[in-house]
Chemist: 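Let me give you the structure first, and then I'll get to my questions.
All figures in this text were calculated on a predicted structure; none of them were measured in a lab.
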Amino acid sequence: MSGDGATEQAAEYVPEKVKKAEKKLEENPYDLDAWSILIREAQNQPIDKARKTYERLVAQFPSSGRFWKLYIEAEVTILFYFFLYQHCSIHCSDKKQVRIIAN
């Protein structure tokens, strides 16, 4: 067996609103309401899961500075936390400071 079935099922869960948005985009790839749903969902996911949505978004709207900004901010946010953690791992005497600063 490859793993816990419940964990695999939870990892594969896609909200109904996202499924509907994807269906709308099949019919009209420029549907901004559908993209808004996908963007909100991506903003609530780790960047490694959200990256595919952002890549699709900027591929569909390559001249949209607004969409590029959303993508860049998502990437920069994860880099900020990575470097913050690295810095505090070296310089902070109290590891609780990392959690306080990050929140």
Side-chain angles (χ1 to χ4, degrees):
M1 201 179 284
S2 64
D4 180 29
T7 303
E8 289 175 14
Q9 186 178 19
E12 295 173 10
Y13 173 75
V14 177
E16 194 62 35
K17 64 182 177 182
V18 172
K19 291 178 186 177
K20 288 179 181 179
E22 291 285 4
K23 183 71 173 165
K24 284 183 174 183
L25 290 176
E26 287 176 14
E27 297 166 8
N28 176 10
Y30 297 97
D31 185 326
L32 291 177
D33 291 331
W35 277 112
S36 292
I37 292 167
L38 296 184
I39 291 167
R40 280 193 300 274
E41 183 70 18
Q43 290 173 326
N44 292 316
Q45 295 179 343
I47 189 61
D48 58 322
K49 295 192 186 308
R51 191 174 284 122
K52 182 177 177 183
T53 299
Y54 288 117
E55 291 286 342
R56 288 175 52 208
L57 178 66
V58 297
Q60 189 64 43
F61 302 98
S63 61
S64 173
R66 175 177 160 230
F67 293 150
W68 277 101
K69 182 177 182 278
L70 288 172
Y71 185 17
I72 291 166
E73 286 173 344
E75 292 284 359
V76 168
T77 299
I78 192 65
L79 289 174
F80 169 76
Y81 287 117
F82 173 77
F83 287 114
L84 175 69
Y85 178 79
Q86 291 297 320
H87 172 79
C88 286
S89 293
I90 296 167
H91 300 288
C92 295
S93 60
D94 184 1
K95 299 299 184 218
K96 290 180 184 177
Q97 290 177 351
V98 175
R99 288 189 295 274
I100 292 168
I101 294 169
N103 292 326

Chemist: List the residues meeting side chain to side chain contact (heavy atoms under 4.5 Å, CB included) with N28, not counting sequence neighbours, and say none if there are none.
Modeler: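 Counting only residues at least two positions away or on another chain, N28 forms a side chain to side chain contact (heavy atoms under 4.5 Å, CB included) with Y30, D31.
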
Chemist: Please list all pairs meeting salt bridge (charged side-chain N to carboxylate O under 4.0 Å, His left out) that have one or both residues in residues 58-68, counting only residues at least two apart or in different chains.
Modeler: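 Those involving residues 58-68 do not exist here.
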
Chemist: Can you list the residues that meet the salt bridge (Lys or Arg N to Asp or Glu O under 4.0 Å) rule with R56, with sequence neighbours excluded?
Modeler: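 Once residues adjacent in sequence are excluded, the partners of R56 under the salt bridge (Lys or Arg N to Asp or Glu O under 4.0 Å) criterion are E22.
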
Chemist: Name all residues meeting the salt bridge (Lys or Arg N to Asp or Glu O under 4.0 Å) criterion together with E26; count only those two or more places apart in sequence or in a different chain, and write none if there are none.
Modeler: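 K23.
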
Chemist: Excluding sequence neighbours, so at least two apart, what forms side chain to side chain donor-acceptor pair (under 3.5 Å) with Y71?
Modeler: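 By the side chain to side chain donor-acceptor pair (under 3.5 Å) rule, Y71 matches E55.
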
Chemist: Looking only at atom types and distance, does a side-chain atom of W68 sit under 3.5 Å from a main-chain N or O of S63, one as donor and one as acceptor?
Modeler: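 It does not hold such a pair.
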
Chemist: List, one per line, each side-chain donor-acceptor pair under 3.5 Å for residues 35-48, sequence neighbours excluded.
Modeler:
| residue | atom | partner | partner atom | Å |
| --- | --- | --- | --- | --- |
| W35 | NE1 | P29 | O | 2.8 |
| S36 | OG | L32 | O | 2.9 |
| N44 | ND2 | R40 | O | 3.1 |

